[in-house]
Number of protein chains: 2
Amino acid sequence: MRLEQLEAFLAVAETGSFQAAARRCGVTQSTVSRQVQSLESELDAVLFHRTTQIKLTVAGDVLLPRARRISQDWQQATNEIADLMAGKQPELCVAAIHSVCAYLLPTVLQQFCQDYPQVQMRVTALGSDRALKVLRDGLVDIVIVMDNPRLTISTDMHVQTLYEEPVEVLMAADHPLTQFEIVPWDALTRYPQVVFKDGYGMQRLVQE
Amino acid sequence: MRLEQLEAFLAVAETGSFQAAARRCGVTQSTVSRQVQSLESELDAVLFHRTTQIKLTVAGDVLLPRARRISQDWQQATNEIADLMAGKQPELCVAAIHSVCAYLLPTVLQQFCQDYPQVQMRVTALGSDRALKVLRDGLVDIVIVMDNPRLTISTDMHVQTLYEEPVEVLMAADHPLTQFEIVPWDALTRYPQVVFKDGYGMQRLVQE
DNA sequence: TTCACTTACGAGACTCGTAACGATC
DNA sequence: GATCGTTACGAGTCTCGTAAGTGAA
């Protein structure tokens with residue numbers, strides 16, 4: 001079944017004439033005629049009494065309401081997706097870790113708001129764990145967090161790597177770790193550290 | 001939009017795999033792939049994340065429920081019409097004038113019930129006017145009445161001539177009208193007659 | 001290498017508009 | 001004769017399965 005056949009059928013049913021239907025669909029009468037015929041042969045049923053004035057048969061009568069709903073559903077789906085693509089989604093909720101909110105997001109958001117002025121933006125700064133939870137709960141549309149191997153195996157969300165970032169250690173000038181150009185993890189574990197509290201990606205990273 | 005494209009989309013969305021979808025639809029994977037691509041290009045939106053495991057995009061998520069309903073609607077329409085054609089209409093209500101009920105219907109009904117044993121028949125004997133009224137009210141599916149020119153111009157019902165029937169005049173052997181081979185209408189009007197009461201086609205015929 | 005999706009290709013089917021045809025008024 | 005639906009025809013498009021290509025694990 002092709003949608004145009006259904007539209008042709010609807011047009012004929014509603015105008016009561018193949019010619020008028022053809023005008024409405026922007027095609028030739030012969031095309032409308034053939035489209036309706038295709039439909040009829042697919043359903044194996046005559047849909048119209050082709051007398052002087054076109055009238056629906058019983059089968060046509062059965063098809064009419066369903067054809068209407070199918071046409072509407074498709075149109076609605078088309079429109080919604082077109083709106084989605086055009087960025088007319090009414091609201092976009094973003095959660096991101098504090099560092100991203102502070103340094104990365106401002107310029108991006110400015111550009112985004114310029115490109116899609118219709119979209120209401122909502123931005124929240126959250127720790128990685130909490131951000132993932134609200135994403136899973138559907139409270140936000142996207143989150144920007146530190147990479148976490150458990151994410152990539154999760155089946156119900158889509159993960160995309162934005163950029164790589166070196167993790168740096170801040171210490172006193174006479175600290176023993178200054179001997180390293182690149183501090184190994186096991187060396188790091190031998191000294192007391194100041195890190196984020198539980199629920200933050202960095203904390204999880206160091207802990208592991 | 002073609003229905004098969006929508007079915008392919010649904011199959012992929014529900015099985016999570018193009019291959020499984022192809023098996024379900026009874027076609028090649030490449031066909032499923034192309035059908036989904038057609039849909040995507042028509043909607044101008046990507047419907048699936050084609051990573052290791054197939055996941056719906058936001059657009060795909062929007063389409064899914066509508067696609068389901070369209071598919072169901074079409075299937076239901078198909079089934080209903082097929083049932084209709086197979087004569088599985090649960091009930092057929094017929095109204096006919098008394099003469100037809102007495103002489104014509106019995107053999108026809110017997111044949112019909114043999115051909116379509118699933119159909120519940122309801123037959124009512126009514127005068128022409130009353131029969132037309134119950135037809136218009138949707139209380140019966142078809143009526144068999146005497147021809148009436150006002151019927152053929154009526155827009156909301158379909159009229160089909162079944163057969164022609166001579167109208168005969170019954171009179172005493174010594175009645176003046178016996179002189180005619182065919183009694184003219186204006187001669188008939190000059191004598192008192194016994195006819196049906198109001199609301200019967202014959203009465204209307206004579207009156208006019 | 002395997003597995004899964006995409007793409008290239010050629011055969012066949014489909015669809016369209018034009019135009020001829022048929023029926024009805 | 002005018003109007004309206006159907007049918008024939010040829011050009012162009014689409015769709016399919018097969019088979020080769022591509023990318024990830």
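Here is how names work: the chains are called A, B, and so on, in the same order as the sequence lines, proteins then strands, and each is numbered from 1.
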B:Leu84 vs B:Glu80, test: side chain to side chain contact (heavy atoms under 4.5 Å, CB included). Steps then yes/no. CA-CA 6 Å; B:Leu84 199 69; B:Glu80 280 183 22; over 6 Å; no
Check the interface with nucleotides 21-25 of chain D: list each N/O to N/O pair with the protein under 3.5 Å, or write none.
residue	atom	partner	partner atom	Å
D:dA25	OP1	B:Thr52	OG1	3.2

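- Using a cutoff of 4.0 Å between basic side-chain nitrogens and carboxylate oxygens, B:Arg50 and B:Glu40 are scored as salt-bridged.
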Between A:Ile144 and A:Leu105, is a side chain to side chain contact (heavy atoms under 4.5 Å, CB included) present by the stated rule, with each step listed? CA-CA 10 Å; A:Ile144 304 176; A:Leu105 274 188; 4.1 Å; yes
Starting from the C-alpha separation in whole Å, work towards a yes-or-no answer on side chain to side chain contact (heavy atoms under 4.5 Å, CB included) for A:Trp74 and A:Asn79. CA-CA 9 Å; A:Trp74 177 250; A:Asn79 289 341; over 6 Å; no
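- Of the residues in residues 15-36 of chain A, those with a non-hydrogen atom less than 4.0 angstrom from any atom of DNA chain C are A:Val27, A:Thr28, A:Ser30, A:Thr31, A:Arg34, A:Gln35.
- No hydrogens or angles considered: a donor-acceptor pair under 3.5 Å links the side chains of A:Ser33 and A:Gln37.
- With hydrogens and angles left out, the side-chain atoms of A:Ser30 and A:Arg34 include a donor and acceptor closer than 3.5 Å.
- Using a 4.5 Å cut-off on side-chain heavy atoms (C-beta onward), A:Val123 and A:Cys101 make contact.
- The pair A:Glu14-A:Arg68 meets the salt-bridge criterion, with a side-chain N (NZ, NE, NH1 or NH2) lying under 4.0 Å from an Asp/Glu carboxylate O.
- A donor-acceptor contact shorter than 3.5 Å is absent between the side chain of A:Thr15 and the backbone of A:Ala20.
- Nucleotides of DNA chain C that come within less than 4.0 Å of any heavy atom of chain A span, from the 5' end to the 3' end, C:dT15 to C:dC25.
- Between the CE atom of B:Met1 and the P atom of D:dT15 there is a distance of 13 Å, rounded to whole Å.
- In this structure, B:Phe48 and B:Phe18 have perpendicular ring planes: the angle between them is above 60°, well past the 30° mark.
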